[in-house]
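Data first, discussion second: the structure below is written as structure tokens.
The chains referred to below are lettered A, B, ... by the order of the sequence lines, with proteins before strands, and numbering in each begins at 1.
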Amino acid sequence: MILPMLGALEAVLFAAGSEGLTDEELADILQLPVHECRSLCRALQAAYDERGSGLQVMELGQTWQLVTRPEHAVYLRRMAATPMSTHLSPAALEVLAIVAYRQPISRLEIDHVRGVQSDRAIQTLVHRRLIAEVGRQDAPGRPILYGTTQTFLQTFGLRSLEDLPPLPEESGEETALSLFQKPPAWPRD
Amino acid sequence: MILPMLGALEAVLFAAGSEGLTDEELADILQLPVHECRSLCRALQAAYDERGSGLQVMELGQTWQLVTRPEHAVYLRRMAATPMSTHLSPAALEVLAIVAYRQPISRLEIDHVRGVQSDRAIQTLVHRRLIAEVGRQDAPGRPILYGTTQTFLQTFGLRSLEDLPPLPEESGEETALSLFQKPPAWPRD
Amino acid sequence: MALEVVLESFTGPLDLLLHLIQTQEINIHDIPIATITDQYLAYLQTMEELSLEIASEFLVMAATLLAIKSRMLLPRTPRPDQPDEESEADPREELVRQLVEYQRCKWAAEHLKERHLLQSQVYARPPMDLAEFAPQEPAPLTGVNLWQLVDAYRRLVQRIPPERQVATIDGPVISVEAEMERLLEKLRAYRRLTFFDLFGRTPTRRHLVAAFLALLELVKSGMVRCSQPEPLGDIVLALQEGDEA
């Protein structure tokens, strides 16, 4: 009985990330009494320790979390130092462009423009300090608003945001105008 | 020797999360030859499978990722309160299948296989980044040629296009084969 | 024709034909064209009776089926201008070839659907914040320039399906109050901005007017200070210290 639930607990803690989950949240998700969740967590903890995993189950504050072990910090340091790639993925570049031209902008608005979820790309850009939280939207949940950073300006050789090339009017908005409006010539490469 | 590195690999894949890590990045971080990284990943994969973990090691696109197992989706959905991933219409799936197996392919050729116009389905797929323009056909009007993307591989849990199952052979129908022919490089079975 | 068949949606004429063939377990390579044509036409008729829109491709296929049917009725004689070794090709050949190919497409689509469903049940976790492990600032980005960024945006705009504009409806009234809030929000984030930072990318003229009025209001109420460090230079706007904390 406990074994299949151990796998479920593992999956749930994994996906929860650095926020962790409280006993009560776990009880709710796994549909188990709180005390059973606690013993399940301890069982998983023991199992991880036993097999010398690179991860461990920790009770931090009031939450259970899956975290890396300190002995692997050296690899994480190397990973942090050598960025996963020196260039940006097309998705990240797209998000960066949206933030640059439409800041301040929320994650939801970015998702809406792109038609796909952008969490990952946003996280990458925040991590690379190309965008940062610049405020909160006055809306339910007070969503984070993103804007570009000083690093962004430096990376792209801009004095200020004014230096961003103007864009053609967006499609969908006042389509009639586009008939008479010549899009600026885009230099290639 | 391999055991301590398994823990390191686990920690590093955990930290990379949904970004995943390529063979080369792993080699760089773990300071191991690329081929050893690959066997290490496969060893970790086997270890996870063996102990019935809630997690699994997957090769998606060109990256190794640590992800949850589908059987725990019920708990994760409860946790994330995420809607089921938006499904694709039958028409979009048809177009995607044609592009996946016959890329690069033009809209006209897609229309021809389906016997019906595919503009809208193509637009949906482009918008969702499952297919993209990969070139132009050397024909009048230089029509756009479509191919699948990295997102496609990730979304469908494929390591590479080679993971697509071979299409059922049509016995004795030479003509049919010629149209849905696989590129010669693809492994049979 | 059963009603459930009518209500089922077919992605195209080939989909419908394949459905008719499969439900009757007909050999795809030897289609009884007269029967299938009748059934196909009956289907279209039912659709019409239900006032369902029939895509033009369905009608083209109907014409094709009728053409094949009539050619099947004609005696097949070798034509003198085509000294073919065998008798004239089967009029169904092209259609069969299309159907066989489409069948494989359906097979592949079904397979992809299953894979998609399976993969949608797999969850990853967001990448860990490695900031505490990073020795200093993340390594500078290389190999990307401004034009790539602009291009990315332009491509994005192209990729987004154009909204079908049926009628022009005047946009929402932009309130000066809302604009004041927005400008303040921006200034709170940046502390100091030039005039163009604030207005350079205002989407429409209406927005621009509202934003400008809002700025005047803010200056009047003393919440924002304007200065022009050099003659004809950029106007610098700053949040009045101590006012907003």
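A donor-acceptor pair under 3.5 Å is formed between the side chain of B/T68 and the backbone N or O of C/Y123. Put simply, the side chain of C/R125 never gets that close to the backbone of B/G17: no donor and acceptor are under 3.5 Å apart.
With a 4.5 Å cut-off on non-hydrogen atoms, B/Q117 touches chain C through its backbone and its side chain both. Of the two parts of B/L60, only the side chain, counted from C-beta on, holds a non-hydrogen atom closer than 4.5 Å to a non-hydrogen atom of chain C. For a residue to count as touching a neighbouring chain, one of its non-hydrogen atoms must lie under 4.5 Å from one of that chain's; by this rule C/K106 touches chain B with the side chain only. B/D163 touches chain C through its backbone: at least one of N, CA, C or O sits under 4.5 Å from a heavy atom, while the side chain does not.
Inter-residue side-chain proximity for B/F156 and C/Q119 is flagged as unmet; no heavy-atom pair is nearer than 4.5 Å. Counting only heavy atoms from C-beta outward, the side chains of B/E71 and C/Q121 never approach each other to under 4.5 Å. Looking at heavy atoms from C-beta onward, C/T11 lies in side-chain contact with B/R114 at the 4.5 angstrom threshold. Residues B/L164 and C/L112 are in side-chain contact: their nearest non-hydrogen atoms beyond the backbone lie under 4.5 Å apart. Contact annotation: the side chain of C/R104 never approaches that of B/Y101 to less than 4.5 Å [non-hydrogen atoms, C-beta and beyond]. Between B/Q56 and C/V122 the shortest side-chain heavy-atom distance falls below 4.5 Å.
Sequence neighbours left out, the pairs with a member in residues 137-153 of chain B that pass side-chain hydrogen bond (donor to acceptor under 3.5 Å, both in side chains) are B/Q103-B/T148. Applying the ring-ring contact (aromatic ring centres under 6.0 Å, His included) rule to pairs touching residues 41-64 of chain B yields nothing, sequence neighbours excluded.
Chosen from C/K113, C/E57, C/M61, the residue pairing most often with chain B at heavy-atom distances under 4.5 Å is C/E57. Ranked by heavy-atom pairs under 4.5 Å with chain B, the list C/Q98, C/H111, C/E114 is led by C/H111.
Residues C/A108 and B/A97 come closest through the heavy atom pair CB-CB, 3.6 Å. Across all their heavy atoms, B/P165 and C/W107 have their closest contact at CG-CH2, 3.9 Å.
The environment of CZ in B/R51 is crowded: more than 12 heavy-atom neighbours from other residues, nucleotides or ligands sit within 6.0 Å.
Distance check: B/E94 CD to C/L14 CG gives 9.0 Å after rounding to the nearest 0.5 Å.
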Requested in this report: Report the C-alpha separation of B/L158 and C/R115 in whole Å, then their side-chain angles, then the decisive distance to 0.1 Å, and conclude whether the side chain to side chain contact (heavy atoms under 4.5 Å, CB included) test is met.
Outcome: CA-CA 9 Å; B/L158 299 166; C/R115 284 210 82 114; 3.5 Å; yes

